[in-house]
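Here's the structure, in structure tokens; my notes come after.
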Amino acid sequence: MEFRSHMDIALEEARAAALRGEVPVGAVVVAPSGAVVARAGNRTRELNDPTAHAEILAIRAACAAAGSERLAGHDLYVTLEPCPMCAAAISAARIGRLYYGAADPKSGGVAVGARVFSHPQCHHVPEVYDGIAATEAGAMLKDFFAGRR
């Protein structure tokens, strides 16, 4: 099967999150067949739920659709480096590949900070590909926070 990035859908979800007043982060779960099975944007403020990050919402929806707590062979596209909470959920769900856009030097949990996947207690480590549409994702976040100041 030929590789096709689904970061464009994640960016759509991030833009929709920004319009709702949420931090503009979007996520997409793709099945091994290449079908998009879930997509979400941040909803922490809307749902009054600190765990309602785009990744968590997309993983929950994908697991519900699969009827399983595991998503082996699935890909996750997210516009921002996952935080430690989301990285742990990615590991628990057994996501096969993680593609993310902008790095998060302040709150990241993959390449900086907690580095969840490098921890000896991490049970599953996905393949990680960073920098996918990083310029666009980073600009969206920068513009969002500049508008808040």
Side-chain angles (χ1 to χ4, degrees), residues 3-18 20 22-142 144-145:
F3 174 76
R4 177 189 183 277
S5 175
H6 291 81
M7 191 60 80
D8 56 330
I9 300 170
L11 288 164
E12 285 176 20
E13 290 294 331
R15 284 189 281 276
R20 293 190 301 271
E22 302 279 356
V23 174
V25 178
V28 178
V29 178
V30 179
S33 68
V36 172
V37 294
R39 55 191 287 173
N42 275 357
R43 292 185 179 275
T44 59
R45 291 182 176 132
E46 175 186 342
L47 299 176
N48 298 312
D49 179 356
T51 70
H53 290 196
E55 302 96 306
I56 299 292
L57 296 175
I59 289 170
R60 285 177 184 162
C63 286
S68 174
E69 78 282 10
R70 303 281 169 88
L71 297 170
H74 287 64
D75 297 342
L76 175 67
Y77 290 82
V78 62
T79 57
L80 180 65
E81 176 184 350
C83 71
M85 173 185 71
C86 293
I90 290 163
S91 178
R94 305 303 196 260
I95 296 285
R97 283 172 297 279
L98 166 64
Y99 300 90
Y100 70 85
D104 189 349
K106 181 179 177 189
S107 300
V110 176
V112 299
R115 297 183 185 181
V116 171
F117 302 139
S118 299
H119 196 281
Q121 290 178 318
C122 184
H123 294 292
H124 171 77
V125 178
E127 294 175 33
V128 177
Y129 302 92
D130 63 350
I132 312 295
T135 302
E136 185 174 354
M140 192 181 316
L141 286 156
K142 191 174 188 176
F144 176 82
F145 287 113

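For this chain, numbers begin at 1 and follow the sequence in order. Note that the coordinates shown come from a computational prediction; the quantities given were computed from them, not determined experimentally.
- Counting heavy atoms from C-beta outward, Pro24 and Asn42 have side chains that stay 4.5 Å or more apart.
- Here the closest non-hydrogen pair linking Val37 and Ala31 is CG1-CB, 3.8 Å.
- For the pair Asp8/Tyr77, no side-chain contact is recorded, criterion being any heavy-atom separation below 4.5 Å from C-beta on.
- In this structure, Ala40 and Ala58 approach most closely via the heavy-atom pair CB-N, 3.8 Å.
- Met140 has its side chain out of reach of Thr79: every pair of non-hydrogen atoms, C-beta onward, lies at least 4.5 Å apart.
- The distance from atom CG of Leu141 to atom CG of Leu80, rounded to the nearest 0.5 Å, is 5.5 Å.
- Applying the ring-ring contact (aromatic ring centres under 6.0 Å, His included) test to every pair with at least one member in residues 107-127, sequence neighbours left out, gives no pairs at all.
- Between Ser91 and Val125, every side-chain heavy-atom pair lies at or beyond the 4.5 Å cut-off.
- Side-chain contact between Met7 and Glu136 is absent, with no heavy atoms from C-beta onward closer than 4.5 Å.
- Heavy atoms from other residues, nucleotides or ligands lying under 6.0 Å from CD of Glu127 number more than 12.
- One distance of note links CD1 of Ile132 with CG of Leu11; it measures 11.0 Å at 0.5 Å rounding.
- Remark: Asp49 CG to Leu57 CG distance equals 7.5 Å, nearest 0.5 Å.
- Side chains of Thr51 and Arg60: a donor on one and an acceptor on the other come within 3.5 Å.
- Val28 and Ala10 get closest at one heavy-atom pair: CG2-N, 3.4 Å.
- Atom CZ of Arg94 sits about 8.5 Å away from atom CD of Glu69, to the nearest 0.5 Å.
- Contact between Val110 and Tyr100 at its shortest, heavy atoms only, is CG1-CE2, 4.1 Å.
- The heavy-atom pair separating Arg45 from Val23 by the smallest distance is NH1-N, 4.2 Å.
- Between the side chain of Glu22 and the main chain of Thr44, a donor-acceptor pair closer than 3.5 Å is present.
- Contact of the Val36 side chain with the His6 side chain is registered, since non-hydrogen atoms from C-beta on lie closer than 4.5 Å.
- With rounding to the nearest 0.5 angstrom, the CD1 atom of Ile90 is 5.0 Å from the CG atom of Leu98.
- Side chains of Val25 and Glu55 form a contact here, defined as non-hydrogen atoms less than 4.5 Å apart.
- Under the salt bridge (charged side-chain N to carboxylate O under 4.0 Å, His left out) criterion, Glu46 pairs with Arg20, Arg43, not counting sequence neighbours.
- The minimum heavy-atom distance linking Ala66 with Leu71 is given by the pair CB-CD2, 4.2 Å.
- Listed by first and then second residue, the side chain to side chain donor-acceptor pair (under 3.5 Å) pairs involving residues 103-118 amount to none (not counting sequence neighbours).
- Separating the CZ atom in Arg97 from the OH atom in Tyr129 is a distance of 7.0 Å, to the nearest 0.5 Å.
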